[in-house]
Each structure stands twice: as C-alpha cells, then as structure tokens.
Protein chains: 2
Amino acid sequence: MSPLLEQLVEALRCLPGVGQKTAQRMAFHLLQRDRQGGRHLADALVAAVDGIGRCQQCRDLSESDICRTCANPQRDRSTLCIVETPVDVLALEQSTGYKGLYFVLMGRLSPLDGIGPSELGLDRLDARLKQGEVSELIIATNPTVEGEATAHYLAGMADDHKVAASRLAHGVPIGGELEYLDRNTLAHAFAGRQTLSGDM
Amino acid sequence: MSPLLEQLVEALRCLPGVGQKTAQRMAFHLLQRDRQGGRHLADALVAAVDGIGRCQQCRDLSESDICRTCANPQRDRSTLCIVETPVDVLALEQSTGYKGLYFVLMGRLSPLDGIGPSELGLDRLDARLKQGEVSELIIATNPTVEGEATAHYLAGMADDHKVAASRLAHGVPIGGELEYLDRNTLAHAFAGRQTLSGDM
C-alpha cells in the first residue's frame, strides 16, 4: 500500500465505528470512484473544524457567538431544556414541537472522570436561573446512572431558584414489545403508569 | 443544525455505508472530541486525492508512474496475477507469499454497463503478453458471474499467447468477494490454484 494511501486509511480511523477494514474500503472507494467527494469532504471538514465553536449562551455547537436557536426571537425564553450533547438537541428538534431554548451540558456529572458542575457550565446555568427569565426546566439527560445523578443535581438547582423542573418520561418505547423490554424500563413504566380517561 | 455542520454531515455521506444518522454521529464526534483528527483527515484526503494516480504498468493505485511493486527488482516478472481492484492486491499481499507482479483490471467485463476489454486495459495486457516476459497468468477475479466471464476471457488470451493460466482454487465462496475473505481461506485458495485449459 502506498504511503499516502496508508496515511488516509489511518486518518479515516479517527471516525467512530471505523476500523482497519472499513477504513480501507472507504479509502479505496474514494480514490476509485469518488475523488470529487473526497475533496469536498476535506473542505467541509476544514470549514467545520475552523468555523464551528460554541454558543456563549447554551454551549451548543455554533458558528456564531450566539447560536441560531438562542438568537431566534420566536423561541420561548421561559423554558429551558437541558441535554447532554448537541446531538440530543438535534434529536429533540427533529421529533418534538418544542419551542423553548436549550442548555447543552457537553457531558454529565462523573466525579471519577473529574467532571464536576463547573466542567458542565452549571455556574453559567445558575447565573441564568438567577436572572429569573426561566420559569421551567426540562431535564433531558440520558437515563444512565450518571445521567440520573446529573438530573438529580439539576433538580436541586431548580428547587433553589424556585423554578419548575420536569424529566422526560421513562417507559415502553412506541412500537416496542413488553416481552423484549429490559426489567428496569418495565419497572419504571409500571410505576409511572398514567390514568386513562374514557375518551382517550 | 448550523449550515457548516449540515455541509459536513452531507459530505460525510459520500463514504460507503454511511447514512444520515452515522454521518451525524461522525460529525458530532469530530467536533466535540477529535478536531485534531478531523483536520488530519482533511489533509490526508487532499494529499491522497491529489497525489495518488495509476501505475502505468499494472493500473494499480500509485503515487508514481510505476508503482512500488512493479518497480521492485525482487519481484518475479514472469508471473502476473490479474485482479479486479486495488483492494484485491492488498488482500493478496497481506495473506499470500506471492512474489510476482499484478495487473489490476479496475472492474470486470460487464457488457450491459458498457465495460468491455478496452475499459479494463486488456489491450495493454495483450501487448505485455506479446513481449514474452510473462510465462504464467494467475487469474484472481472474483467468483461472481461477471468475474467468471472475465476469467474465461483472460484464459482465452493466455491461450492465444501460449501462456500458462491458473485460477484461484475453490475455497473462495461463490458470490463472495476477495476483499472480505479471511486470510486463511485466501491463502489456501491461492496456494491451490489450478491450471486452466483454453476450453474452460
């Protein structure tokens, strides 16, 4: 394998889920069938890495100091949805009609890894809650041990500032089957069952 | 999603096997955790796309006019192994002790797609066989319908020039592709190659 090709294969392995074989396949594909695509990808990578920083307000990935969501006057500034990563913002935007703002932790509390409140920008969140503009906190951290601990911490902060806090509902996924659900989720779904009105 | 991020996701989709969700995951991974890797990948892409052409002799991907294998005085110039793609050369190099030269078709005969002998550089192969340096042809096209047809055509050429021809031994699963074969099977198939008569 030529040195440049080897370098390309090695470089492609920085992508998540891409091992040696997949990287080889990608490199050969680009060189044999899609050189234009490869060049375009290089440009897009440089543009994104150089041009995308963090929003000063919500910590989401953004090209400007204030991201498009935070700058949008149409969004409801009284509701703040707290997520772990930018990809969660995307998922919520694509699947819900949420019209409030976000706050992106860029992680979760994990004392063993040295990730505490300040690493997650919670000092900034605290200052924002103090301003009194936010009246509801929607906590959308992942339902993992660390995500739950983070949610608990956030609920404490909301309480300190007398702000209503809610957590995404846990339960049976739509289209899922009870039979294949893990015990924890099923236990949550059972405990959190909701009253049905007759006119459902 | 910011425009630069959207462009990056779109650009990543040129990679084989990468759809919208995977591309998003890759883009977010690079931006959040591995910007250095992203920049490095961009450089490697440009270097490879600009620097890698085709070997004048064997049609393999190469940085120079004559690739390292063809230029290597240690290789046996009397044996020529014919493969469909550069990745097949790599697979054979990694799993067999083959010391001859290669000829890369960059495809297979496929009249319906307009791929005939001249698209595969078979005129050049013909000229090379005429020179008389090559005394054995190892036909390592994939055991697909088109690969078999190509092998048949190549066996005919070998016969015309009174050159011995062999085909990789059975052991390669029908319908499979060399690229994905485990090394052991590939080594066995290579070692157990069988003589072809012109009337195959």
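Just so we're on the same page: letters track the sequence lines, and every chain starts at 1.
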If you count heavy-atom pairs under 4.5 Å between each of [options] and chain A, which one has the most?
options: B/Asp34, B/Leu31, B/Asp43, B/Thr69; value: B/Leu31
options: B/Gly17, B/Ala48, B/Gly37, B/Ser62; value: B/Ala48
options: B/Cys67, B/Gly51, B/Ala47, B/Pro3; value: B/Pro3

- Task: Kindly write out the residues that satisfy salt bridge (Lys or Arg N to Asp or Glu O under 4.0 Å) with B/Asp50, not counting sequence neighbours, or none if the list is empty.
- Result: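 Listed in chain order: A/Arg39.
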For [X] against [Y], the heavy-atom pair lying closest together:
X: B/Tyr98; Y: B/Arg75; answer: O-NH2, 3.2 Å
X: B/Gly116; Y: B/Leu109; answer: C-CD2, 3.6 Å
X: A/Glu146; Y: A/Ser110; answer: OE2-OG, 3.1 Å

Quick check for you: among [options], which has the greatest number of heavy-atom pairs under 4.5 Å with chain B?
options: A/Lys21, A/Glu63, A/Glu10, A/His29; value: A/Glu63
options: A/Asp60, A/Val46, A/Thr22, A/Leu41; value: A/Leu41
options: A/Arg68, A/Gln7, A/Arg33; value: A/Arg68
options: A/Ala11, A/Gly38, A/Ser64, A/Ala27; value: A/Ala11

Between [X] and chain A, which part of the residue has a heavy atom less than 4.5 Å away: side chain, backbone, both or neither?
X: B/Val89; value: neither
X: B/Leu30; value: side chain
X: B/Leu61; value: side chain
X: B/Leu90; value: side chain
X: B/Arg25; value: both
X: B/Gln94; value: side chain

- Given that the side chain runs from C-beta out, which part of A/Leu5 has a heavy atom under 4.5 Å from chain B: side chain, backbone, both or neither?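 A/Leu5 touches chain B through backbone and side-chain heavy atoms alike.
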- Message: Looking at A/Arg108 and A/Glu148, is there a salt bridge between them, counting it only when a charged N and a carboxylate O are closer than 4.0 Å?
- Response: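 A salt bridge is absent here (no side-chain N lies under 4.0 Å from a carboxylate O).
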- Item | Distance, nearest 0.5 Å, that separates CE of B/Met157 from NZ of B/Lys130 |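 If I round to the nearest 0.5 Å, the distance is 9.5 Å.
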- side chain to side chain donor-acceptor pair (under 3.5 Å) with B/Tyr102: which of B/Glu93, B/Gln57, B/Arg59?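 The residue from B/Glu93, B/Gln57, B/Arg59 that satisfies side chain to side chain donor-acceptor pair (under 3.5 Å) with B/Tyr102 turns out to be B/Glu93.
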- Message: Side chains of A/Glu84 and A/Thr141 only: does a donor on one sit below 3.5 Å from an acceptor on the other?
- Response: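 There is no such pair (donor and acceptor under 3.5 Å, judged by atom type) between the side chains of A/Glu84 and A/Thr141.
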- Which residues pass the side-chain contact (heavy atoms from CB on, under 4.5 Å) test with A/Asp159, sequence neighbours left out?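 For A/Asp159, no residue satisfies side-chain contact (heavy atoms from CB on, under 4.5 Å) once neighbours in sequence are set aside.
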